[in-house]
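Take a look at the structure below.
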Amino acid sequence: MALVGVSVSIEAVQENKIQEVTLDGQEIVIPPLSMSESLAKSAQKIDFTEDGSEDHSAKTSEEETGDKEAATFQPSLWPWDSVRNKLKTAYTEVGVLLDVLNIAKEKKYMVLTHVQQDTSEPKSAVQLLAKKKGIMLQSLISGLSAASAVLLSGAERLKRSHEDKTGASSDKFHMELLKLRQSWRLKKVGNAIIGDLSYRSAGSRFWQGGTFEVTKNTGTSSGDQTDVGSALQNPLQVVIPSELEGTAYVQVEIKSVPDSMNLMSATLQMPDAIGRTPPNSHWQERLDNAQNLLFCKELFAQLAREAVKMKSNVPHVVVGNQIITNIFPGVQLSIVLCHSSNKADKKGVLQGVSQPARTDNKPVLEHSLHQLLREVHHKTLHLDPPQPATATFGFTKRRRLAGPLGLSRADLKEMADSETLLEQIIQQARHEVLKFRTMATIDRLAEEVRDPQIMAHWSCLNSPLQSNMKIIITSSGYEAVRSQGLVTFQSLDLEIGVDSLKAVTKDRRVLQLGFQEKEVEDLIRWQISQHHIALSQNIARMIGWEVLGCNGCNGVGAMEGFASSSSIQLVAPKNDRMLLIKSGPTSGLHVFLKIDNKDNLDPSLAALVDPKWLNLGGTFREIDMEQIEGGNLATKLELIMAMVCKKR
């Protein structure tokens, strides 16, 4: 018996219905319904198809009788009371209708959805067992279908490989795409395949991008039979931006001022090796040309930027696609960007290219320009690592090894200043001009001067800013007299720099020369005159003549145009013959002979111990060397010395 005053609460068990029991005994329960789902389930139980008109009519009839009875006993207070009630009811219904329309239209508070019928029925043990068997059968079928799919895919791959080996397959797009990806950077953006031609991965900071698109060639392009055939042979097609179409070339010219009066003439020149790229060419060729064009544009933009910023006595000129700078008085360096855009005008001539393709370009300087820009890219990526790891990043190895006290402020400032690309190419151009001037001068002198012979030996170990050569002046057949160890040739070492030359003579004297080729010519002519004297001295010693005196700088006689003349006095073994040889850079070679007769000697000179001093005075007669037989000076001198020593 329950006590009075004790309240007992009865609540439903908080358990969810079991939806399914898996094969391993795990129960899958139905999650509890949300508020919207509970409302939908409750609304599902209402039958909106039934009409309660009978009950409503009965009720209204009863209400009318009751109202009539009430009306008999309670009269109306206001004659328009019924109208007011009807209007109030209508207003309420209109308000409800407006709320329903707002809910259906704005969907802020409630969403009108179709109520699905709950067809779930309580599962019995037989249905659960059938469900388990169905699940097992379904898993078996899915496993068999997966295995069959694997077998079918393998058979399809074997069929494709067999078709590729036999050449029956015409679609090689993926194979070409694989080859393309081995050489170029690609990425997939959505359904498109995008590639990159720029040098940003190599350290380039050029603003223009090199994006291209890879598409599958369907072979439906309009054209003649050859275009269609070539299109079908290339299943892969690349779409390159219009500004990267065509071919480009950086042309470097060195020309004199009279030949460069028309500054725009160089913009219309194009080498024969570079022409139009066919639109149906292979994708590798098109991509190579586009990347080369991008590289040339970056190189020219860098040079133009440096030319504008560089301070010089003669300002650099940047006109369109041409850069002009002076390297020597009367010599200009021209750098031109030649671009063929593959677009023909009305006359059929390529834009930016003229018909005469004759160029005086310098391939060595053009190659140096490409190397300089690639070195900039390499230095941008490969910086010296800091040592230790906590040190400042970016120091060079030389500065790091020197330490904070190893270099002065001037050394650090000099190390921080780096030469621009334009400055480096100007220095190389100056060296190139100076080297070719020296070569031309030596070749001209070797052609003009037949005796002695002038030979030039260039060193194979040169740099872009320095070249070495050795000039040997010798007489044919008298290069070296090995029996007595006498060397009868004159040597001269030349070191060609950027703005000057350094010459080292045989006696190790160092001479500094300018950039004028006249200075090299004067030096060689002076060395020829020195060779004449040295050759005469060696031949005299070989035959037995005695050298009375040798003067390398004569102070008497006519003045030379440059340098000074040299002379040597030779005496025969019997001291009665004397030869005087004088050679100058401008006056040339002169040979004088004096023969004394012992019967006509002055008796006052009989007290001399050595009679050779008797030949110091007297009359000298010049010998016409053109009348003497012999191929060169050495042969003629040897013949003269032998003839004057012959007994009368």
Side-chain angles (χ1 to χ4, degrees), residues 183-185 196-210 244 248-254 287-312 316 318 321 323 325 327 333-338 361-387 392-402 407 411-435 460-467 496-499:
S183 303
W184 305 92
R185 297 189 302 273
D196 189 11
L197 291 169
S198 65
Y199 289 87
R200 293 178 181 175
S201 60
S204 175
R205 298 178 181 177
F206 191 48
W207 59 270
Q208 186 174 357
L244 297 181
Y249 181 73
V250 177
Q251 180 176 298
V252 180
E253 293 181 357
I254 298 177
L287 292 179
D288 289 341
N289 292 335
Q291 192 176 46
N292 180 55
L293 172 58
L294 188 63
F295 186 84
C296 293
K297 282 188 175 182
E298 178 181 0
L299 178 59
F300 186 81
Q302 180 70 18
L303 293 174
R305 192 183 309 112
E306 294 173 357
V308 173
K309 294 182 180 180
M310 187 185 302
K311 296 181 180 179
S312 177
H316 307 290
V318 181
N321 59 339
I323 302 174
T325 179
I327 53 178
L333 173 67
S334 175
I335 303 175
V336 187
L337 175 62
C338 302
N361 59 325
K362 301 294 181 181
V364 176
L365 298 180
E366 295 165 4
H367 183 261
S368 298
L369 274 178
H370 285 256
Q371 281 188 333
L372 291 176
L373 184 56
R374 295 186 191 278
E375 287 180 2
V376 172
H377 291 171
H378 185 270
K379 291 180 181 179
T380 305
L381 291 180
H382 300 80
L383 296 176
D384 293 332
Q387 294 179 0
T392 305
F393 189 78
F395 279 176
T396 60
K397 184 178 180 181
R398 176 186 171 190
R399 183 175 178 182
R400 185 175 65 247
L401 294 177
L407 296 176
D411 296 336
L412 293 176
K413 186 177 180 181
E414 181 182 357
M415 189 184 303
D417 295 337
S418 59
E419 294 181 344
T420 60
L421 298 183
L422 187 59
E423 290 176 348
Q424 297 181 40
I425 200 62
I426 288 176
Q427 291 181 359
Q428 294 186 19
R430 287 178 177 175
H431 171 72
E432 197 77 12
V433 171
L434 203 56
K435 183 173 68 174
C460 60
L461 300 177
N462 297 325
S463 67
L465 301 179
Q466 181 179 347
S467 298
I496 305 173
V498 176
D499 297 326

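For the single chain, residues carry numbers from 1 onward in sequence order.
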Within this structure, what is the [atom1]-[atom2] distance for the pair [X] and [Y], rounded to the nearest 0.5 Å?
X      : Y      : atom1 : atom2 : answer
Ile426 : Thr420 : CD1   : OG1   : 7.5 Å
Leu197 : Trp184 : CG    : CH2   : 5.5 Å
Lys362 : Ser334 : NZ    : OG    : 12.5 Å
Leu287 : Ser183 : CG    : OG    : 9.5 Å
Gln427 : Ile327 : CD    : CD1   : 12.0 Å
Leu299 : Leu421 : CG    : CG    : 7.0 Å

Crowding at NE2, His367 (>12 non-hydrogen neighbours, <6.0 Å) = no
Neighbour count >12 (heavy atoms, 6.0 Å) for atom CZ, Arg185 = yes
Could I get the full list of salt bridge (charged side-chain N to carboxylate O under 4.0 Å, His left out) partners for Asp288, not counting sequence neighbours?
-> none
Begin with the C-alpha distance, continue with both residues' side-chain angles, and end with the deciding distance and a verdict on side chain to side chain contact (heavy atoms under 4.5 Å, CB included) for Glu298 and His377.
-> CA-CA 12 Å; Glu298 178 181 0; His377 291 171; 3.0 Å; yes
[X] (side chain) donor-acceptor with [Y] (main chain) under 3.5 angstrom:
X      : Y      : value
Gln251 : Val336 : no
Glu306 : Leu422 : yes
Arg430 : Asp499 : no

Determine whether the aromatic ring centres of Tyr199 and Phe206 lie less than 6.0 Å apart.
-> no
Ser312: what forms a side chain to side chain contact (heavy atoms under 4.5 Å, CB included) with it, not counting sequence neighbours?
-> His316
Residues forming a side chain to side chain contact (heavy atoms under 4.5 Å, CB included) with Arg305, sequence neighbours excluded = Ala301, Gln302, Lys309
Which atom pair, heavy atoms only, marks the closest approach of [X] to [Y]?
X      : Y      : answer
Leu372 : Gln424 : CD2-OE1, 2.8 Å
Leu381 : Ser201 : CD1-O, 3.2 Å
Thr380 : Arg205 : CG2-NH2, 3.9 Å
Leu244 : Gly210 : CD1-CA, 4.0 Å
Ile425 : Leu365 : CD1-O, 3.6 Å
Ala304 : Val318 : CB-CG1, 4.1 Å

Aromatic plane relationship, His370 with Phe295 - under 30° parallel, 30 to 60° tilted, over 60° perpendicular | parallel
Worked check of side chain to side chain contact (heavy atoms under 4.5 Å, CB included) between Glu366 and Val252 | CA-CA 6 Å; Glu366 295 165 4; Val252 180; 3.6 Å; yes
